[in-house]
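See structure below.
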Amino acid sequence: MGGRAFRVIIARMRIRALLISFPVLLVGCADTTDPDDEGGLELIFAPLSADGCQAPSTGSGKFPDGVDTVKLSFSGYSDGKPDDKSLATGGLKDGAALIEKVRPGTNLTLDIVGCASGEPAWSGRATGLTVAAGEKYSRTPNLTHTDAMSCAGAGKNPGAGLATELTVARAFPSLVTTAAGHVLVIGGFDKYALKNNQPEVSASSAAAPIVEYVPSRGVFSTWSAGLSAPRGFHAVVALDGQNRFLVIGGAEKAVFGDVTGDRAPLAASGEPLSIEVVDATARTVTDSTLSISALPMAAVAADPSGKGFCVAGGSEADGFPSNSLLFVADTADQIAGGLAKVGEGKLLKRRMGATATWLPSGDVVVLGGNTDTDPNSFAELLSDSFESEAVVVTGLPGGATAEPFGLHSAVLAPSLSSGKAHVIIVAGGAGIQQENDATIPEWIPANSGPVRLFAVTVDTGAKTANVQSLDAGLSPALLKRVFGQLTTLGDKVIWSGGYNQLGKPSSPDAACKGTDTGCYFDDVAIRTVGGTTDAVTLEPVTSTVHLGRARFGHAALVLPSGTVLFAGGVEAVSEAANTLSTQAEVLNPPQGENPCQ
């Protein structure tokens, strides 16, 4: 072994496809041979120490159960060609294996995939790696890992003011990436209680401080500054290159009501909350003077350039949906300084729990959240001047008898935008029903309603929305969920977690936590969006990935490295004192073809 040698220490773990549920450490080891040879890589498989953060000793390791091959791929070379390596079970001796003849290079990415019977079983990634001859020790970049997230970057003691996960549990927080590549955790509910059989979450001052995550070290730090109005169910809008952010709307408390028959009311309560400005550079939080008080459960869409946003609908204080429409279009400085003019309008339909998506054309499409059974009420379009326009909707399952719904997830599929046609992927949600105009609408638990996994092709020129079902071949039970997270990575959509009811579940707590039949979901479905705007397809990337713990009301964010961070959420609706989560996990999604084939 010559050049530069690396030792990758991999803890034994429970196999959870593609999502590592153990810390992974990459550390330097001494060069002992000819410095002019190519580099080498040493893999060590062994249990971690009891505290989970100390490097394991050699000599007792083995491949994780079920793994028969490990694939390694170095990429980022100047010629664009990766350097692929493979290790079979026979190549492991005393818990260690040496991968020889690694091509030298700088700023490389190393992907490691453990294969079980031809399918990926777990994966890890290190970025910013240098393999060069003539150097005695390596740097210590981190592989993707979960649970004790800072073990690779900070060791047993990450340092004063640093933590390996969220120090305060948070449900329904927001995650945003800063210009520096860090992640801010903003807001969230930190209190949970079951009052009169009604699950209730609320935000206290403990959840006000902003938390900053540094991906290169896997550690969290807490700012001294925080929100003046703690909240969950809010939205965050990025301004001027992701240096400043607006915190919009949300609620101080939310109640997932007692299930009565097959209906469950849901209320996000409290006065409308003012906008706050988070400055990632100065690490400050200030109140905005923008005259916008977004209602709880409003839909927020933002211009990707950071020069505008709109707030649509929401839940009025009496529990009825609103047709309020507020919008801002100005420079980032004017918006952040509270000097931008706020425009007002009206939606065609009253909505709460809807989604709003800013399209590449500059229009905004608003979907769901209303109580009308007319399919054409499912969508409306806001022009670039924020005038609300009717849309002709076709293909909505159920037609004229389709159940209205909201609280769903929706993301733009940018790879399928063509001219004035744009595709929105819609997943999950709960039904919403209103007996008459004088009664407060009620939410229907997801498991009592139909399957919802759609592609909605919106034509801003023709003012049409064509709905295509994408649930063929998928388990209906696993598609009926609410408060999951839907995000995009290139041409892929990633749907994680969720809850199939609303109030306290009818099943016992132990049954609800079952992996395959429970109320709380731990799966992470990764699908490639393909086809055309008229015929959208979703193709599975690999077998189902799993979160370390089932959860809903969590946050998910794609990091600059291409990995996905999951944080917080609700782990159960039960009699337990607090079921909110502090856990953070990182997923390294598979890229390209299956490396195990």
Partner residues of [X] under the ring pair (Phe, Tyr, Trp, His ring centres under 6.0 Å) criterion, sequence neighbours left out:
| X | value |
| --- | --- |
| Phe309 | none |
| Tyr499 | Tyr520, Phe552 |
| His408 | Phe405 |

Can you confirm whether [X] sits close enough to [Y] that some side-chain heavy atom of one is under 4.5 Å from a side-chain heavy atom of the other?
| X | Y | result |
| --- | --- | --- |
| Glu403 | Arg452 | yes |
| Leu382 | Leu347 | yes |
| Leu538 | Trp495 | no |
| Val278 | Trp223 | yes |
| Val482 | Trp443 | no |
| Ile186 | Leu227 | yes |
| Val570 | Phe189 | no |
| Val185 | Leu175 | yes |

Show your reasoning for whether side chain to side chain contact (heavy atoms under 4.5 Å, CB included) applies to Val277 and Leu246.
CA-CA 5 Å; Val277 182; Leu246 300 182; 3.7 Å; yes

I'd like to know if the side chain of [X] and the backbone of [Y] have a donor-acceptor N/O pair within less than 3.5 Å.
| X | Y | result |
| --- | --- | --- |
| Asp303 | Ser305 | yes |
| Glu585 | Leu547 | no |
| Arg351 | Pro321 | no |
| Glu200 | Lys191 | no |
| Thr457 | Thr533 | yes |
| Tyr192 | Ser574 | yes |

Given the rule in the side chain to side chain donor-acceptor pair (under 3.5 Å) test, do Asp190 and Ser204 qualify, once you have shown the distances and angles that lead to the verdict?
CA-CA 7 Å; Asp190 64 304; Ser204 75; 2.6 Å; yes

Distance check, rounded to the nearest 0.5 Å: Lys492 atom NZ versus Arg527 atom CZ?
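Nearest 0.5 Å value for the NZ-CZ distance: 12.5 Å.
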
Separation between CG of Leu489 and CD1 of Ile526, rounded to the nearest 0.5 Å:
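Between Leu489 CG and Ile526 CD1, I get 8.5 Å after rounding to 0.5 Å.
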
Side-chain donor-acceptor distances from residues 285-298 under 3.5 Å, at least two apart:
residue : atom : partner : partner atom : Å
Asp287  : OD1  : Ser228  : OG           : 2.9
Ser288  : OG   : Leu290  : N            : 3.0
Thr289  : OG1  : Gly338  : O            : 3.3

Surrounding NZ of Lys463 (heavy atoms of other residues, nucleotides or ligands, distance under 6.0 Å), is the total greater than 12?
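Counting neighbours around NZ of Lys463, more than 12 heavy atoms of other residues, nucleotides or ligands fall under 6.0 Å, so yes.
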
Between side-chain atoms of residues 386-398 and protein atoms elsewhere (two or more places apart, or another chain), which donor-acceptor pairs fall under 3.5 Å?
residue : atom : partner : partner atom : Å
Ser388  : OG   : Glu380  : OE1          : 2.4
Thr394  : OG1  : Asn466  : OD1          : 3.2

Could you walk me through whether Ile494 and Val524 pass the side chain to side chain contact (heavy atoms under 4.5 Å, CB included) check?
CA-CA 7 Å; Ile494 302 174; Val524 183; 3.5 Å; yes

Under a 3.5 Å cutoff, is there a donor and acceptor pairing between the side chains of [X] and [Y]?
| X | Y | value |
| --- | --- | --- |
| Ser469 | Asp471 | no |
| His554 | Ser496 | yes |
| Asp333 | Thr331 | no |
| Thr464 | Asp459 | no |

Take Val247 and Arg231 through the side chain to side chain contact (heavy atoms under 4.5 Å, CB included) test and state the conclusion after the steps.
CA-CA 10 Å; Val247 183; Arg231 64 187 79 187; 3.8 Å; yes

So that I can tick it off, tell me whether Arg481 and Asp523 are bridged by a salt bridge, with the cut-off set at under 4.0 angstrom between side-chain N and carboxylate O.
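Between Arg481 and Asp523 there is a salt bridge, with a charged N closer than 4.0 Å to a carboxylate O.
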
Distance-only donor-acceptor hits, side chain of residues 235-243, under 3.5 Å, sequence neighbours excluded:
residue : atom : partner : partner atom : Å
Asp240  : OD1  : Arg244  : N            : 3.3
Asp240  : OD2  : Arg244  : NE           : 2.7
Asp240  : OD2  : Arg244  : NH2          : 2.4
Gln242  : NE2  : Thr177  : O            : 3.2
Asn243  : ND2  : Asp240  : O            : 3.4

